[in-house]
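Bear in mind the structure is a predicted one, so any value in this text is a computation, not a measurement. Numbering of residues begins at 1 and proceeds along the displayed sequence.
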Amino acid sequence: MSAPNSSYTKFQRVMAMLGVILLLALTVCSLLFRFITFPGSDRLAWACLVAAIFMPILIWIWIWCYGQFRRKETIATVFPDRGDDSVSDKTDATAQNDPESSTDAEQ
């Protein structure tokens, strides 16, 4: 079962699926540790919850740093460079061509 028009490699798809499975496992373990009581279960539940929250953030930071060091655009790039005109350029051009958008000081 392969995606015919996917731009992602098989490795990327497998890693994404492993990440989803890991996040689900951390969430289920956190719930199980809440319901099962033994010494240290509350600490394990909190550890799973914290890991489920901070793991995606740390992965995003790692991908962003990789893109910065390799000077590549990644999925974590905050402001990707676009080849076409940006939205702000288009709004500036429309504001200059629209006579109704002028201020009272100009009239």
What one should report as the nearest heavy-atom pair of Arg34 and Ala45 is NE-CB, 3.7 Å
### Query
How about Phe54: does its CZ atom have over 12 heavy atoms from other parts shown lying under 6.0 Å from it?
no
By side chain to side chain contact (heavy atoms under 4.5 Å, CB included), Ala25 pairs with (sequence neighbours left out) none
### Message
Apply side chain to side chain contact (heavy atoms under 4.5 Å, CB included) to residues Leu44 and Phe38 and explain how you reach the verdict.
### Response
CA-CA 10 Å; Leu44 285 173; Phe38 61 88; 3.9 Å; yes
**Prompt:** Would you say Arg13's side chain and Tyr8's backbone share a donor-acceptor pair under 3.5 angstrom?
**Reply:** yes
Rounded to the nearest 0.5 angstrom, the CZ-SG distance for Arg43 and Cys48 is 13.0 Å
query: Among the clusters formed by ILVMFWY side chains lying less than 4.5 Å apart, do Phe33 and Ile36 turn up in the same one?
result: yes
When rounded to the nearest 0.5 Å, the distance separating CD of Gln68 from OG1 of Thr74 is 8.0 Å
Cluster overlap Val78 with Ile57, hydrophobic side-chain contacts below 4.5 Å:
yes
NZ of Lys10 to CE of Met15, rounded to nearest 0.5 Å, is 14.0 Å
Exercise. Shared ILVMFWY cluster between Trp64 and Ile53, side chains joined below 4.5 angstrom?
Worked result: yes
CH2 of Trp46 to OG of Ser41, rounded to nearest 0.5 Å, is 13.0 Å
How about Trp60: does its CH2 atom have over 12 heavy atoms from other parts shown lying under 6.0 Å from it? yes
Members sharing Ile59's hydrophobic cluster, built from side-chain contacts under 4.5 Å between Ile, Leu, Val, Met, Phe, Trp and Tyr, are Leu22, Leu23, Leu26, Met55, Trp62, Ile63, Ile75
